[in-house]
Every structure is written in C-alpha cells, then in structure tokens.
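To find a chain, count down the sequence lines: A is the first, B the second, and so on, and within it residues start at 1. All values below were derived from every heavy atom in this structure, side-chain atoms included, with hydrogens, water molecules and symmetry-related copies excluded.
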Amino acid sequence: MATINVHAETGQDNIAPSMQPLPPPKSVDSQSVLRRLQSELMALMMSGDSGISAFPEEDNILCWKGTITGSKDTVFEGTEYKLSLIFPNEYPFKAPKVKFDTTCFHPNVDMHGNICLDILQDKWSSAYDVRTILLSIQSLLGEPNISSPLNQQAAQLWSNQEEYRKMVEKLYKFPAA
Amino acid sequence: MVSDSIAAVPIPSAANTKNPGKKKRTNRSAKLKQYKIDARREQWLSQGAVKNKGCKDGMDDDVHVREKHGKQELEKLETRRRGEEIDVLIHQDSDSESPSNSPVSPNSSVLCGNDSGTNFTGSSRGGSSSSSSSSGGCCSGNITEEEDEEVEEEDDGCLDDWEAVADALAADEKHQNSPHDEPVVERDSSQSCEVTNGSGLGYPNSKPGSGGMVPWGSANGRAWRADDAFRPQTLPNLSKQHSMPNPDRYFGGGGPWCRTSVPSNCPICCEDLDLTDTSFLPCNCGFRLCLFCHKRILEQDARCPGCRKQYECEPIETEASVHGGSLTLRLARSVSMIERS
C-alpha cells in the first residue's frame with residue numbers, strides 16, 4: 001500500500017505541473033461560454049416565446065433554471081415544468097445537461113427527471129441554444145418517442161390519452177416558485 | 001481571453017505611460033527614435049518598391065538610403081524619389097558586400113511570403129499612413145515632438161521588441177552601420193503585423209468585452225493602453241481615428257470594411273464575424289461561423305453545426321482551399337498563435 005500511495009502521490013505531482021499551463025485556455029473557455037450564455041439570455045428574453053423561459057441562477061451563469069408550459073391540445077396543457085440546465089465549460093461545443101426538476105410523467109423522462117432527447121446527446125450541435133432546447137423539450141412533451149422510452153408505464157399509457165391526462169394531473173405538482 | 005489580451009498588452013504600456021519622461025531622456029529613446037525613423041523610412045520606401053519590385057528590393061534600397069541619408073530629415077523626400085533608380089545597383093551591392101545581410105533576409109522574405117497578400121497591402125498601406133505623418137514632420141520642421149509622440153504610442157504595442165531592437169542597435173551601430181539593423185527593421189514591421197494579428201487571434205477567444213465596436217486589431221496598435229482599454233466605447237472619436245485604419249491595414253480588404261457591412265455574429269461564440277469570417281463558407285449548407293469555432297469543431301467531431309454533416313475537407317485542406325485573403329490571414333493567425341502561447 002505504501003508504494004502505491006507513493007506512486008499515487010508522485011503521479012499527482014507529475015500531473016500538477018503539467019496542469020499548470022492549462023488554466024489560461026480554461027479561462028478563455030469560460031470567457032467565451034460566458035459571452036455566449038449572456039447572448040443567449042438576451043436573445044431568449046427578447047424573443048418573447050410563450051411557454052418557455054429560462055434564467056441563470058444567481059451566482060452561477062453556468063446553471064440555469066428553465067420553465068416549460070405544456071402546449072395547448074396536449075395532455076400536458078396547463079402544466080408547468082421546471083428544468084435545470086447545467087452548461088459545461090466546453091459549451092456550446094458540448095451539450096448542456098438538462099433535467100426536469102418537476103416530476104414529469106412522460107415516456108422519455110425518467111423518474112429522476114432525466115430526459116432522453118437526441119439533441120441533448122449524440123445529435124447535439126453547437127448551433128443549438130437554450131431557446132431551441134426548451135422548444136424541443138416542449139414539443140417532445142406532446143410528441144414522445146414511444147419506441148425508446150425511459151418510462152415504460154407512460155409509454156404504454158400514451159395510446160390512451162384520456163387516462164394519460166388523468167395520470168398527468170394526478171402526478172403533477174405545481175412547481176414551487 | 002479579453003482579460004488575456006488586455007492583460008498581456010497594456011501592462012507593459014501601463015508601466016510605460018507612467019514614466020515616459022524618464023524614458024524619453026535616456027539614450028535608448030533617442031535610438032528608438034532613430035530606429036523609428038528608419039522603420040518608417042523603410043516602410044515608405046518599400047511602398048514605392050513593392051509596386052515594382054517587391055519588398056526585398058525595398059529593403060535593399062533602404063540599406064543604401066540609410067547610408068546615404070545621414071541625419072537630415074528633409075532629404076527623405078528626395079531620396080525616395082531617387083530610390084527606384086538607384087535600386088538595382090544597390091541591390092547588387094548590398095547582396096555582394098554584406099553577407100551578414102543574407103542569412104537574415106531570407107527569413108524576412110519568408111515572412112513576406114507567408115503573408116504575401118496581407119503583408120504587401122499592409123506594408124503599402126502602412127507606408128502610406130506613415131509617409132503622411134513623416135512628411136508632415138518634414139514640412140513643419142517640428143520633428144522631435146512628433147517623434148516623441150510616435151515613440152510613445154508605438155512603444156505601447158511592442159515595448160519588448162523595441163528594447164531588444166534598441167539593444168541590438170546600440171551594439172551594432174558601433175561596428176557596422178546599416179546592413180545589420182535593416183533586417184531588424186524588416187523583421188519588426190512584419191512582427192508588428194503579426195502581433196496585431198495575434199490580438200486578432202485572441203479575438204474569438206478573447207471576445208473583447210468591448211465587443212463589436214472596437215476592431216480588435218487595434219489592441220496592439222496605437223490607441224489602446226491600460227487605462228483606455230474600453231475607451232472606444234465611450235469615446236467613439238478616438239476609436240475611429242486610431243483603430244479604424246488598422247483593420248484596413250492588416251486585412252488587406254481595406255475600403256468597405258466597416259461595422260455596417262459586417263452582417264452578424266458567429267452563432268457559436270457570438271463574436272462578431274470579421275471580414276475573413278464573413279467570406280468563409282466551410283459547408284455547403286451555408287452555415288457560417290468564425291474561423292476559430294470552425295477550427296475547434298474540426299478538432300472535435302468535425303461536423304457542421306448547421307447540418308451535422310462532416311466537414312468535407314481535412315483541416316489543412318480546408319485552410320488551403322480557402323482562397324485569397326482568407327488563406328493568408330489564417331496562416332498569419334496560426335503563426336501568431338504560436339508566438340503568443
């Protein structure tokens with residue numbers, strides 16, 4: 001064990017100096033992320049899209065809270081869902097992590113709020129932004145992908161919209177502000 | 001990177017602006033002035049020479065002129081006119097008689113070659129602007145004050161270069177007069193070009209907080225100092241006077257370059273697209289982005305953000321396939337990136 005510890009320590013020592021040159025690029029990254037997110041926030045607030053909104057948390061512009069309201073003529077009409085968006089330092093070259101904070105009974109959303117949406121994974125493009133993400137999730141609500149569900153029960157119930165609506169209402173808790 | 005470039009550039013200048021008085025009085029500053037004069041003359045002459053013979057001739061021409069020149073500023077005008085006639089002879093002379101020149105001049109000509117389009121335009125434009133200022137000096141006869149200002153201003157951008165050059169000059173002037181510092185001059189002019197591009201390079205990354213209003217080429221140019229890094233926003237007059245000429249100078253495009261003609265921002269990094277970026281169309285789908293984001297994407301999945309298709313070319317081929325000014329600018333940037341880091 002002792003030797004292993006020594007190895008681990010020397011390993012860290014070796015890493016530490018080599019990590020030294022990295023911070024500047026990282027700060028560059030965070031600068032550009034910052035700029036991009038500020039720009040997105042501006043665009044989002046100016047766009048006036050109904051049914052979606054998002055705003056950074058007080059102390060961290062890399063963490064946003066978003067809101068989506070269910071579209072009309074869907075089983076989610078009249079419901080409102082809070083989401084959290086965590087942006088990596090590599091944003092927009094890497095997708096943000098988006099989760100439902102509010103429980104959402106949906107075939108492509110699991111019990112922890114994780115969302116199965118291609119554009120948030122392998123189909124991510126740096127051309128997407130918060131607005132398009134939220135709009136995509138909003139449309140995902142009304143048009144789930146039943147073939148690869150995270151929530152089997154929801155996927156099975158989807159065919160019966162009336163029952164589904166009841167289930168949504170039953171599970172739905174208006175998000176605390 | 002704003003902080004990066006700003007921090008990198010103005011710190012020396014800040015130190016410089018604090019004690020310009022001391023510096024002026026030192027021997028070094030006198031040499032700097034002399035050097036400045038030489039550089040300007042060289043630019044000036046090369047402007048004429050470039051049109052006919054390219055920048056190397058201009059250099060050699062200048063070698064001669066320096067020897068002949070002595071200390072009289074007024075002779076400048078005359079010399080310039082004579083320059084082209086004498087040029088051929090001088091060229092041969094300096095080639096044969098100063099072997100010390102030859103190891104360096106290939107270097108400088110390489111630099112010229114790399115930038116070719118940009119550099120030529122740059123030098124000629126730079127020449128025109130500096131010629132106007134120096135001829136102004138000749139006419140008014142009030143050279144010293146102008147020189148002081150010039151030295152101060154230019155010090156900001158390339159203090160390090162200046163010091164090195166001044167030392168080299170001090171050493172050189174004792175033994176041989178001109179052949180040695182001629183290459184230095186040439187090197188400096190191309191360096192200053194690169195330096196400016198360097199700040200440009202910082203640009204996408206640097207995202208200058210001052211944003212679109214300020215052509216970032218000016219960061220190392222004249223107008224920006226530590227205390228006025230964000231000045232262009234609040235004092236548009238200054239920014240127009242000092243920084244507008246620079247993009248013309250270094251982007252070769254010149255004329256129509258102005259804020260209104262730049263259509264939009266890069267959709268990826270939200271930085272303004274510069275002239276190069278707006279003429280850069282990496283994908284058939286028409287999705288535009290700045291060169292820096294494009295490069296970054298090439299380093300990753302190399303798929304177009306607009307259509308998710310793979311970019312067709314390898315990174316290097318992409319560079320090569322970009323035509324005209326874009327190509328030269330990319331090269332210049334990558335060079336300066338290496339220098340900066």
> What residues, two or more places apart in sequence or in another chain, satisfy salt bridge (charged side-chain N to carboxylate O under 4.0 Å, His left out) together with Glu163(A)?
Replying inline: Lys166(A)

> For the side chain of Arg36(A) and the backbone of Ile268(B), is there at least one donor-acceptor N/O pair under 3.5 Å apart?
Replying inline: yes

> Does CD belonging to Gln121(A) count more than 12 external heavy atoms closer than 6.0 Å?
Replying inline: yes

> Do Arg308(B) and Asp122(A) come close enough that some side-chain heavy atom pair is under 4.5 Å?
Replying inline: no

>> So, taking the atom named CD in Gln38(A) and the one named SG in Cys270(B), what distance separates them when rounded to the nearest 0.5 Å?
In response: 9.5 Å

> Mind checking what makes side-chain contact (heavy atoms from CB on, under 4.5 Å) contact with Ser71(A), not counting sequence neighbours?
Replying inline: Thr74(A), Gln138(A)

> When rounded to the nearest 0.5 angstrom, what is the spacing between CD in Glu271(B) and CZ in Arg35(A)?
Replying inline: 3.5 Å

>> Can you tell me how far apart CD (Gln300(B)) and CZ (Phe93(A)) are? Round to the nearest 0.5 Å.
In response: 6.5 Å

> Out of Pro267(B), Pro305(B), Cys293(B), Cys269(B), which one pairs with Ser126(A) under the side-chain contact (heavy atoms from CB on, under 4.5 Å) rule?
Replying inline: Pro305(B)

> So how far is it from Arg303(B) CZ to Trp124(A) CH2, rounded to the nearest 0.5 Å?
Replying inline: 12.0 Å

